[in-house]
Amino acid sequence: IMLPAALRSPLGGAQRRAPCLRHCRRLARVPVQRQAFSTVAPTVRRSSGSDALLPPRGRLPVEAALLKGPPPLCQAAGGRQLPREDGAPPPLAPSIAQAPGLDVNRAGRCAALGPPPGPEELFERLRANPTEIPMSALAAEQTIRDLTELFQGVHSPVIDVPVPVSGDDPKVVVVGDTHGQLQDVLHIFSVHGLPSDSVVYVFNGDIADRGPFACEIFLLLALFKLRRPGSVHLLRGNHENEQMNKRPFTQGGGFQEECLDKYGSAVREAFRHLFKVLPLFAVIGEEVFVVHGGLFRTPSASLARLRRLPQRAWQRSYPDPKKHEQWSEEEQIIFDAQWADPHDGLGCVPSKRGGPAMMFGSDVTCNFLDEAGLALCIRAHRAPETLRGYEFMHEGRLMTVFTASHYGGVVGNRGAVALLRPAAAGAAAPPQKSGPLPPGQDEFRDGAALSVAGAEGPFPPLRKTRLFVVEHDLYRGLLDLNERCFPALAASE
């Protein structure tokens with residue numbers, strides 16, 4: 001989806017906004033006013049492998065600071081922060097730069113050498129200090145390569161995810177775009193539980209780019225996936241692609257820049273190989289189809305055909321948009337899976353995004369689901385214009401779930417996740433069964449909304465699962481994180 005960050009250029013103080021800011025302001029319907037304080041951001045110019053700080057020439061809003069990430073710091077083993085001044089990388093003392101127990105990256109930040117931590121340990125460390133470099137570059141590279149090897153054993157772009165039936169509250173949690181917003185992921189794990197045999201997560205793409213902590217999210221999920229492979233499933237979005245990652249933060253990318261700053265080129269290369277083998281689709285509980293972008297302009301793109309796609313067709317980056325007139329049907333399917341959006345009409349029409357992107361209508365959704373024997377399609381890729389974390393379209397059979405709340409610090413939207421719980425007799429019921437659902441949690445089942453006052457249908461005709469939607473709003477949490485990253489500047493403002 002389009003970049004929401006309104007960035008003021010530090011060059012000459014001129015105002016330069018990304019073109020997609022118009023989309024974000026149309027979402028918010030009012031001028032952006034959430035600017036808690038401004039920060040003076042030094043411009044960094046890299047040459048010959050060294051960083052030179054230039055005098056600040058402009059003032060960045062807090063949202064831009066969040067997109068660019070925290071100022072460099074040096075983190076010693078045990079979480080101790082080494083001294084710094086004015087947010088700039090401090091010159092490392094020879095004893096630190098040559099310390100055998102520290103891995104120092106090019107931004108002057110350090111991580112303890114050694115094997116990666118356990119997933120639960122890393123979760124607690126990130127909650128205590130989200131700006132901590134979680135592991136050394138060598139450990140990060142090995143973690144991502146181990147995860148890549150695990151996904152190389154997947155021979156179909158479609159994975160089947162059963163809904164757990166045992167445990168205190170068994171469920172599948174579907175997560176939409178997070179775009180490097182670590183606080184949203186930590187909040188979701190805190191509320192719904194860490195990945196386990198009874199709490200299964202499906203991350204529906206677009207973890208990478210635009211936010212400052214995509215590496216931390218990927219490494220946290222990788223550790224859980226390697227520990228319990230059935231508890232975490234990762235799907236590929238349009239930003240898990242080299243074409244997007246190479247773009248700078250200000251043009252909707254930034255993941256390559258983040259990798260190089262924190263870990264170096266070897267880790268960036270490991271991520272590049274990982275993204276190509278991530279699956280594209282999931283079927284949850286034999287009833288719900290999950291894809292990042294949307295459905296397909298190709299009429300023959302049935303679920304059965306998706307399962308039979310050869311590895312050479314889908315274990316690759318999406319095809320070059322400039323050559324779309326030469327695309328095969330398989331390439332059209334791969335592109336639409338990551339880029340398509342819905343519209344209210346029928347059939348497929350050109351997308352407002354431009355280029356070869358398409359928008360699909362309700363007939364495309366219903367025909368695909370009916371042929372596959374499924375009830376609902378869950379997608380992500382675009383923040384709803386209602387500023388809710390979810391929306392229904394296409395006779396209630398298409399649902400958008402967008403998880404990054406206050407997206408980029410500019411769009412005043414809520415985030416949401418979808419919960420799928422078993423509906424079979426005797427299955428464990430959610431803890432809310434004896435009373436109304438908590439604020440922000442809605443249930444949709446059997447074609448009706450069970451907990452939304454004044455809601456209008458239709459809603460998905462689920463029979464095997466119970467669908468809940470839980471929204472969250474972490475604007476205050478994002479500001480708190482920013483203040484932790486920039487304490488001196490926050491105090492001065």
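These numbers come from the heavy atoms of this one structure, side chains and all, not from hydrogens, waters or symmetry mates. The structure presented is a predicted model; accordingly, all values stated were derived computationally and were not measured.
- Using a cut-off of 4.0 Å between Lys/Arg side-chain N and Asp/Glu carboxylate O, K262 and E216 are scored as salt-bridged.
- Put simply, the side chain of V175 does not reach to within 4.5 Å of the side chain of V202, judged on heavy atoms.
- In this structure F189 satisfies the ring-ring contact (aromatic ring centres under 6.0 Å, His included) test together with Y201, F224, sequence neighbours excluded.
- Checked options F218, F213, Y263; the residue passing with F255 is F218 (criterion: ring pair (Phe, Tyr, Trp, His ring centres under 6.0 Å)).
- Under the 3.5 Å distance criterion, with hydrogens and angles disregarded, no donor-acceptor pair is assigned to the side chains of H239 and N245.
- Closest non-hydrogen pair, A380 versus D177, comes out as CB-OD1, 3.0 Å.
- For the atom pair I333 CD1 and L280 CG, the distance stands at 10.5 Å (nearest 0.5 Å).
- Side-chain atoms of Q332 never come within 3.5 Å of backbone atoms of S328 as a donor-acceptor pair (strictly under, hydrogens ignored).
- Side-chain atoms of N238 and H292 form a donor-acceptor pair, as typed in the model, at a separation below 3.5 Å.
- Using a 4.0 Å cut-off between charged side-chain N and carboxylate O, R388 and E471 make a salt bridge.
- With salt bridges taken as basic N to acidic carboxylate O contacts below 4.0 Å, none links R247 and E242.
- Inspection of the S196 and R228 side chains reveals no N or O donor paired with an N or O acceptor under 3.5 Å.
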